[in-house]
Structures are given as structure tokens and as C-alpha cells.
Amino acid sequence: MNSIKQLASWKIRNFILPDSTTHLKIGQLFSTYKLTLNVEQISFPNKVLKHPVRVLHLSDFHASSAVPLSFIEKAIRRGIELAPDLICITGDFVTGMPYKYQEYQQILALLPAAAPTFSCFGNHDGCDHNFETQSYYDKLGVGQLLIDSGIHNLYNESQNIIIGNQEINIAGLSDLKSHGMCTEQTLPSRGDGPEIPIVLMAHNPDTKDKIVNFDWDLMLSGHTHGGQIKLPLWGTPFAPVVDKRFIEGLKQWDDRWIHVTRGIGNVHGIRINCPPQISLLELI
Ligand SMILES: [Fe+2]
């Protein structure tokens with residue numbers, strides 16, 4: 001049954017959806033491929049930070065006919081120019097299959113060549129509701145792509161890393177909608193965390209409500225694409241999150257921080273008043 005759905009999904013994408021040239025022409029009429037940058041400063045009053053750490057937060061590349069690899073490469077090169085100490089990518093590397101594996105792998109490999117690079121999966125990277133999202137049924141394809149690219153994907157796991165002489169705990173959860181999330185093995189209970197900051201990658205910002213009782217200081221998310229389409233008076237009617245306060249930007253949430261980037265790519269080929277975004281976060 002799964003293979004029939006997979007085949008049907010592949011046919012839909014390859015024979016009905018516009019090709020990348022058409023997407024580019026349409027997209028250039030809007031803000032689909034206009035890269036923007038936001039820089040934010042974040043402090044953790046209760047944590048030990050010996051020196052500032054520059055985190056490049058990228059998300060939602062969505063390699064597909066709507067998002068050519070040349071555009072993803074451009075965004076990655078712009079991000080690397082910012083000289084980050086650490087790079088975090090919060091999922092949705094592809095929209096669906098097929099994609100040009102080797103070419104994409106070489107582009108992604110630019111990131112770990114520049115700075116330690118970590119990621120988490122998004123809902124398009126392999127999950128059990130993939131027929132709706134036209135993505136993979138399992139995580140092996142994107143998982144292998146990340147391994148071959150030298151990106152350390154954190155799937156319900158965390159580790160301490162050292163940047164300069166600063167230690168940071170970096171954690172990654174499975175996507176909220178993919179039903180594979182295991183917070184107990186990823187994060188300490190609330191109040192039991194280390195003195196160093198815990199930076200958590202979780203694709204969907206709605207994840208926050210499931211992890212209230214665990215220790216983390218900054219959650220990095222994508223998924224929303226900033227709403228992808230912003231309309232006058234109507235706002236962002238298509239933002240795929242329950243809590244509409246967390247569609248984009250840096251927000252405080254009780255005594256912690258959540259940063260939602262608009263990400264690089266898109267689905268369906270159009271962003272309106274909602275351009276792609278490279279995010280540089282300075283932990284101070
Ligand atoms: Fe996405």
C-alpha cells in the first residue's frame with residue numbers, strides 16, 4: 001500500500017507540478033528567492049557563558065522543483081560568510097523525492113567545512129504522514145544524506161560541545177508530528193540541567209508545549225516558513241502551527257527563548273511578503 005502511495009505521490013510531483021524554471025519565473029515576481037538576514041542577541045542570565053558564541057540558524061531548505069539547489073547553495077554561502085562558530089539546521093532538507101543526491105550532498109558539505117554543524121529532522125524528512133506532505137516514508141534517505149555531508153543529525157539525542165573554551169549542550173528532537181519524539185532521553189528534567197546553556201533544535205515550534213517540564217534554554221525551530229504568505233489585514237492564514245504567536249522571530253517564553261526562522265525554501269513555489277531568511281544568533 002505504501003509503495004502505491006509513494007508511486008502516486010512521485011507521479012503527481014513530477015508530471016503535474018511546475019518545473020523549477022517555471023517556479024523561478026513565478027517566484028521572482030514575489031519574495032520567494034529574496035534572501036534576508038536577521039541578527040539577534042540572546043543572553044542566559046542563569047547560565048555560564050565565558051564568551052559570545054555565534055550560531056547560524058538555517059532551516060527548511062526544501063530541495064525540490066520549487067527550490068533549486070543553486071538557491072540553497074547561495075543561502076549556505078551567505079550564511080558561511082557570517083563566520084559562525086556553530087551551525088544549526090532545523091529540518092525539512094527536502095520536500096520530497098527525487099532530488100539530486102550527490103550535488104546536494106556536496107552543497108551541504110560546505111557547512112561542516114566552515115563550522116561544527118548539527119541538525120534535526122523536519123516533517124518532510126521522513127515520517128508517517130508523508131503522503132500529505134509528499135515526503136519520505138522513512139528517515140533513511142535524508143539521514144544518509146546528512147551523514148555523507150558531514151552534518152551531525154541529532155535524533156532524540158544531545159551532546160556537549162566545546163566552542164573556543166565555552167561548553168554548550170546541543171540537543172535535537174524528532175519532529176513533533178512524526179510521532180517519534182522521545183524527550184526523556186534527550187533533555188534533563190526541569191531543574192536538573194547543567195550550568196552550561198542547552199540549545200535545542202525542534203522543527204515545529206509547537207513542540208514547546210510538550211517539553212515544558214524539561215530543561216532547555218533556547219529552542220531553534222522552523223517549519224512555519226514565517227507563514228509563507230502574508231496578506232494585508234488577514235496576516236498569515238496558512239501558518240501550520242497551533243500557537244500563532246510563534247510563527248517567526250525571537251520570543252521569550254517564561255524564562256527561556258524560542259527562535260523561529262522563516263527558513264530558506266518553500267513548498268508550492270511562492271512566498272508573498274515573507275522572504276527567505278538566514279538567521280545569526282549571538283549568544284552573549
Ligand atoms: Fe518546511
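Note that ligands are numbered from 1 as they come in the structure, with each ligand's atoms numbered from 1 the same way.
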### Message
Counting backbone and side-chain atoms alike, is an N, O or S atom of His124 positioned under 2.8 Å from the Fe ion (ligand 1)?
### Response
no

### Query
Can a donor-acceptor pair be found between the side chains of Ser279 and Asn38 at a distance below 3.5 Å?
yes

### Task
Can you spot which of Thr90, Asp92, Thr261, Thr224 makes a side chain to side chain donor-acceptor pair (under 3.5 Å) with Ser59?
Thr90

### Query
Of all N/O/S atoms in Asp92, which lies nearest to the Fe ion (ligand 1)?
OD2

### Query
Which N, O or S atom name in Asp60 marks its closest approach to the Fe ion (ligand 1)?
OD2

#### Entry: Stepwise side chain to side chain contact (heavy atoms under 4.5 Å, CB included) test for Asn273 and Ile229
CA-CA 6 Å; Asn273 296 324; Ile229 292 175; over 6 Å; no

#### Entry: Closest approach to the Fe ion (ligand 1) by His225, given as the N, O or S atom name
NE2

### Query
If we ignore angles and hydrogens, is there a donor and acceptor under 3.5 Å between the side chains of His124 and His62?
no

